[in-house]
Structures are given as structure tokens and as C-alpha cells.
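For the numbers below, each heavy atom of this structure counts, side chains included, while hydrogens, waters and symmetry mates do not. Residue numbers start from 1 in every chain, and the chains themselves are labelled A, B, ... in the order their sequence lines are given, proteins ahead of strands. Owing to the predicted nature of the structure, the values given are computational and were not obtained by experimental measurement.
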Amino acid sequence: MEKRESKNFIEQIIEKDLADGKFPNGIITRFPPEPNGYLHIGHAKSIVLNFGLTQKYKGKTNLRFDDTNPDTESIEFVESIKRDIRWLGYDWEDREYFTSDYFGKLYEFAKDLIKRDLAYVDDSTPDEILAGKGTVEVPGTNSPFRERSVEENLRLFEGMKNGEFAEGSKVLRAKIDMSQPNMHMRDPVIYRIKRMAHHRTGNEWNIYPMYDFAHGQSDSIEEITHSLCTLEFENHRPLYNWLIEQLGIYPSRQIEFARLNLNYTVMSKRKLAQLVENGVVESWSDPRMPTISGMRNRGYTAAAIRNFCDRVGIAKRDNVIDMSLLEFCVREDLNKVSLRRMAVLDPVKLIIENYPEDQHENLLAENNPEDETAGERKITFGRELYIEREDFMEDPPKKFFRMAPGRFVRLKHAYILECSGFKKDDNGELIEVHARYFPESKSGSDTSGIKAKGTLHWVNAADAMEAKVNMYDRLFKVAEPLADKKVDFLDLVNEDSLNVVEGVKVEPALAEAGSKDHFQFMRKGYFVRDKNAASDELVFNMTVGLRDSWAKKGGK
RNA sequence: AGACCCAUGGUGUAAUUGGUAACACGGCAGAUUUUGGUUCUGUAAUCCUAGGUUCGAGUCCUAGUGGGUCUACCA
């Protein structure tokens, strides 16, 4: 179990810090979502990383909502984020923070900067500020407002806070160096005027800090030891460090790692929002979405997701993870915990000619061969059953181990059959398969000596229940929908990502399925009851199909 | 093209920190199997290029090449 000795680069940093005695009281990490959307599997990677680290080493992980932009943030997202983190299995105890709780402190930090002539109020328009920044090759130019006196800056900044100026008319900028090659150091804007109610502070503030002026200081206030973020913030690190240094506050350390990308999907909140807005999917929690809530509705387990996040590793290299790894993790977990059931997705009647019409019998079926404690259930058997249409072939290849005239096959948990014929309608459509059964071949007490290569799942027509099944396929037709910048990723969605199958026949035990139970429809895949469907309706979502080496070989 | 970052099988991640490449997924082949599932066994496939340092380089240095990020009053 403790086979994985290898450590990722962040663990190596932490172990060195610990060995150097830098953090005798333990380490502190944080997960800092902005409450403006739902969490996706990429966030899960960060959650598992941050909480995982402080579980492994002595430490704590804070949950901090980075709520500095009232435009897009809301309490609804705060709630969904907390629900998802808890579901994933992590507990931030009482360490739930909001950047907005620090608005007062941040304001004081800003004043401190002004007093030391390290920040100034700029009346330039956004366009003028942009022009002044220069380009990556050309240094920027100083703002005409750069040399205002400390007193004037203090007065104006207070005016901004008090709502004396129009939105957009002034900003507070750090006074650093307009000729730095790093654009973030060219006098970055650190405060802007926004006359807007905030979901937590209401109308208390007319100014809001920018990310760069909020995140690092919040880390510092909470004495975060290791502030882990994704690669695109690498260029922000000099500013992060500069502010901490100038302010003389707790020196949190920012470390960047590569974000998670999954093929056949997209991972940015903005892009996911577009899928919702354009009706490609039903909601953020649609089972096809790579969101935590979508995956939950799909039937993915928290354990599978945690395991997946563990396996993808942490490094600084851009990466695109194969969906097959995620699916492997899901199957691995579900194989152990899911209850086996029989469901026929595309039913065709099977008539056992030598089975008496008025006869019925009860059979016992194990719930999970991987778990003896899962017990057994009763299923019924009779003359008329349903089997899968694709499990019959009139003229099959030799390696087809299923139903075909003259061939032997076992019905799972029941008898061996010999196919004796079939019936088609006028259109040539198969409507009935006929067979004869061998009474002495009963499952568990087989004395027939007959060998059947294949085993089929089935449902007794007498007590089969009707169900609907949502089958899912990848969301996009191509592995990397964003790879070609000239192509709109919305044009690459797979319009067959959802396939609703009606008229599915399932065994009666499924009627009591709860939405948290995971089922394996034998020989088909893993399914979970759709919790959004009407309670009197049996609807199942396909979590993931079983591996199918027969189909992979093209059925030959 | 300025700064910063990155480069190991198909995909990811490792390599006791300088001692000639491993693990997982995926692929292929086989065994087992009352799920063509699970399990098990085997197999193919990798250090971006060129120099340099060194007895020895995936690891260090230089150059090149390729990729990523950055010029929001978003985070």
C-alpha cells in the first residue's frame, strides 16, 4: 500500500522546509475559490492537493472565498462550493474565511503603501492606463498622476472609499516601475471604485481590491505557509512577494503547479458557463459536465475522484489527462461497491418452449461477487423473458458466444438454454427468440454436463419493470476542443452526448433504488438513479460502461 | 519578438538528487471466469536537438528548437 515513495516537487519543498524547522507549528494551505461558478474536476485536483498535504504533514487547510468582485459573485455559489467540498470528503472545520472579511485590513494596507509613497491615485481612463503600460517589448510610461503628494493621495483614496467619485473615474495603483519586463510590475491597479452591493458586505464599500492586492495579503493574514496556485499566476509572484515585503507582513510563499486538463471536455468556468447558456447541457450539474456536481449526478464517487486526482500527479508541465484514467478510477471503485442487477436495455422476447406456461420459480442471485457481505436477492424466472437484442444473431461468427440457432448459452443465475429458433415480423425485425432449457443445469446445482461459452443477462417478462436510461457519451467530438483557436469550441460539441433509452426492462429489485445506490447492470455498465426524475418514474443515468473487449474487437 | 516557466513511452507521473530508465492508465497477446466484467501473466513502446563538464549525464552548464503564460478597473 505504501508503495508510492516518490514525492512531487511541492512535497519535496515542504519536507525541506520542515527539515529546516521553518514551521514548528505545522503548515497551513488554503483552497481559495471565487464564488462565481460551480467547482469542476480541476478544482478537485487543487482541493485534494491542499487538503491532502495537510493531512499528510501536520497542518490545516483553510477554505477562503475570494470574493472581491461583487459583479459576478453570489451566495448561491458559496453554498454549492461548500456542498461539493464536503461531498468530496474534506472538512475545513471552523476555518471558513472570506476575503471580504479583510476589506478593512486591506484598506489599511493600501493606506500604508500610500504613506510610504508606494501607491497613488490615478485619474487616467482605462484606455490611458492600458496605453501607458507599453508592450512586452516596449517599456511603459509614467502616469501624469504618478507624482501626486502623499497627502493628496490619502485624501483622494479616502474619497474613493466614501463614494465621492464616480465608478471608473479613479483607481489606486502601486508605484513600482513602468519599465519592468514583467507587466504585472508596471504600476498595477490595486483598488477600483465599484458602487455595487456585495453579497456579504452590502453597501459598506465603494471600492474593492484587485486580486493581486487581496490574495497575497489574505494568505499573509491567515499565515498560509504554502499558497498553491496554478501556472498562470507565475508572473504574479514577483508582485505577490513585493507587496508582502513592502508591507512587512507574514511571508506566505506562492508555489505554482500545472492545472488539470481532461480530453474531450473543457475546464474553464467561462467555457462551462457557455455550455449552460447555449443549452448544450441542462445545467452546471448536468451529468455530462466535468463539474463536481455533474459527476455526482452521473454516479461518480468521491473516492474515485480523489483517487484520480492522486494519480494524475502534481508537476509544472502542461498536461492533458486521458478520460480513460478517470473512467478507470470510477470503475475500480464501483466494481467494489455497486450492487449487481439485471436490466435489458434493448429488449426482445425470449420464449422457453419447454418451460411450462404456468410455472414460476424464485432464484437467488448474489448482489456483488466482489463483496460477500453484500448478500443476495431474489429474482423470478418463467417461460417468457427479455434478453438483449444484440445478444442474438441469426448467422453469427464462430466466436459469438451468445444466442444463435443451435447454440448453447447460460442465463445468469438460471439455466442453460439451447436456441431453437426465432420469429421475425413482416419487416424482417426480430420479435422473438425461442429456446429450450435444461432443467438439470440450474445455476448452483448444475449436473447437466453441458458447456456454455457465454452467459446472458435477462429479465422475467412477468414482473419486469419499465425504466428509462440516460446514456452518456463524451461532450466533444475532438480530444482537445480548444486546440484550434480559429474554431469555436461550441461547434465541436458531440450532439449525441445524451441518448435517452426508453422501454428498458429491469428486475423488480431496482424499484427501490435510492439515488445514492450504485448499480452495475450486468454486462452493461454502472448506473445510478436519476435524482431529478419524478419519484414514480424509474430513470437511471449511466455512470460509465463496463470495459467491453468484445465490442472493442469489433465483435469478431 | 521582452520576461518568466516547461520539455522522459500513446497519456500522465517517477528515478535513492551524477551511477545508463520505473509505476499507472491505454494498446497487444494469453490464462481464469456462470458478467466478453473482475483477477492474473506476458509483451511492445520513452530521456527534444547539438555541444560541453565528468570515469560516468534523464539529472549539471551553454546554445538551439518546440510549447505555455503575461500588456482586464476579472480571478
Whom does [N] pair with, Watson-Crick or G-U wobble, provided both distances fall under 3.5 Å?
N: B:rC40; answer: B:rG30
N: B:rC74; answer: none
N: B:rU62; answer: B:rA50
N: B:rC4; answer: B:rG68
N: B:rU35; answer: none
N: B:rA15; answer: none

request  = Return the 5'-most residue of the pair A:Leu325, A:Gly444 with respect to RNA chain B, ranking by each residue's nearest nucleotide.
outcome  = A:Leu325

message = If you assign A:His184 and A:Glu137 each to the RNA chain B nucleotide with the nearest heavy atom, which residue ends up on the more 5' nucleotide?
response = A:Glu137

note = Expected label for B:rU43 (glycosidic angle, syn inside 90° of 0, else anti) would be anti

Rounded to whole Å, please give me the gap between [atom1] in [X] and [atom2] in [N].
X: A:Phe9; N: B:rA7; atom1: CZ; atom2: P; answer: 11 Å
X: A:Leu482; N: B:rG68; atom1: CG; atom2: P; answer: 12 Å
X: A:Glu15; N: B:rU16; atom1: CD; atom2: P; answer: 14 Å
X: A:Met178; N: B:rA3; atom1: CE; atom2: C1'; answer: 16 Å
X: A:Phe257; N: B:rG68; atom1: CZ; atom2: P; answer: 20 Å
X: A:Asn261; N: B:rC6; atom1: CG; atom2: C1'; answer: 14 Å
X: A:Leu456; N: B:rG37; atom1: CG; atom2: C1'; answer: 14 Å

Do [X] and [N] have a side chain to base donor-acceptor pair shorter than 3.5 Å?
X: A:Glu370; N: B:rG37; result: yes
X: A:Arg547; N: B:rG36; result: no
X: A:Asn335; N: B:rU38; result: no
X: A:Arg410; N: B:rU34; result: yes
X: A:Ser443; N: B:rU34; result: yes

When all nucleic acid strands are considered with a 4.0 Å heavy-atom cut-off, which category describes [X]: base, sugar-phosphate, or nothing?
X: A:Phe233; value: base
X: A:Thr135; value: base
X: A:Gln520; value: base
X: A:Glu232; value: sugar-phosphate
X: A:Gly134; value: base
X: A:Asp212; value: nothing
X: A:Arg331; value: nothing
X: A:Thr72; value: nothing
X: A:Lys269; value: nothing
X: A:Gln12; value: base
X: A:Ile416; value: nothing
X: A:Lys453; value: nothing
X: A:Pro139; value: nothing
X: A:Arg186; value: nothing

Among [options], find the nucleotide with the atom closest to the side chain of [X].
X: A:Lys412; options: B:rA24, B:rG26, B:rU34; value: B:rU34
X: A:Ser324; options: B:rG26, B:rU11, B:rA3; value: B:rG26
X: A:Met183; options: B:rU71, B:rC28, B:rG36; value: B:rU71
X: A:Asn69; options: B:rC74, B:rA24, B:rC73; value: B:rC74
X: A:Val312; options: B:rG36, B:rC5, B:rG12; value: B:rG12
X: A:Val136; options: B:rU71, B:rG36, B:rA75; value: B:rU71
X: A:Met210; options: B:rA75, B:rC5, B:rG37; value: B:rA75
X: A:Asn235; options: B:rC74, B:rA24, B:rU69; value: B:rU69
X: A:Leu546; options: B:rC73, B:rC74, B:rG37; value: B:rG37
X: A:Ser549; options: B:rG37, B:rU35, B:rC70; value: B:rG37

query = Just by distance, do the side chain of A:Arg173 and the backbone of A:Asp187 share a donor-acceptor pair under 3.5 Å?
reply = yes

inquiry  = Treating A:Ser220 as the side-chain partner and A:Gly216 as the backbone partner, does any N or O pair qualify as donor plus acceptor under 3.5 Å?
reply    = no

[X] side-chain N/O to [N] phosphate OP1/OP2 under 4.0 Å:
X: A:Lys7; N: B:rA15; answer: no
X: A:Arg311; N: B:rG12; answer: no
X: A:Arg317; N: B:rG12; answer: no

Euclidean distance, A:Asn367 CG relative to A:Gln520 CD, rounded to 0.5 Å = 12.0 Å

key: Polar contact flag, side-chain donor to acceptor under 3.5 angstrom, A:His215-A:Asp66   = yes

ask   = Quick one: do the A:Glu34 and A:Asn36 side chains pair a donor with an acceptor below 3.5 Å?
value = yes

query = Hey, what's the ring geometry for A:Phe157 with A:Tyr107, parallel, tilted or perpendicular (30° and 60° as the breaks)?
reply = parallel

inquiry  = Below 30° counts as parallel, above 60° as perpendicular, anything between as tilted: where do the rings of A:His43 and A:Phe31 land?
reply    = perpendicular

ask   = Which heavy atom in A:Cys229 sits nearest to a heavy atom in A:Arg30, and how many Å separate them?
value = N-NH2, 4.1 Å

query = When the P atoms of B:rU49 and B:rU11 are considered, how many whole Å apart are they?
reply = 15 Å

ask   = Quick one: do A:Asp122 and A:Arg146 make a salt bridge, cutoff under 4.0 Å?
value = no

inquiry  = Would A:Arg474 pass as a cation-pi partner of A:Tyr264, given that its NZ or CZ must be under 6.0 Å from the six-membered ring centre and within 45 degrees of the axis?
reply    = yes

query = A:Tyr211 stacking on B:rA75: centroids under 5.5 Å, ring planes under 30°?
reply = no

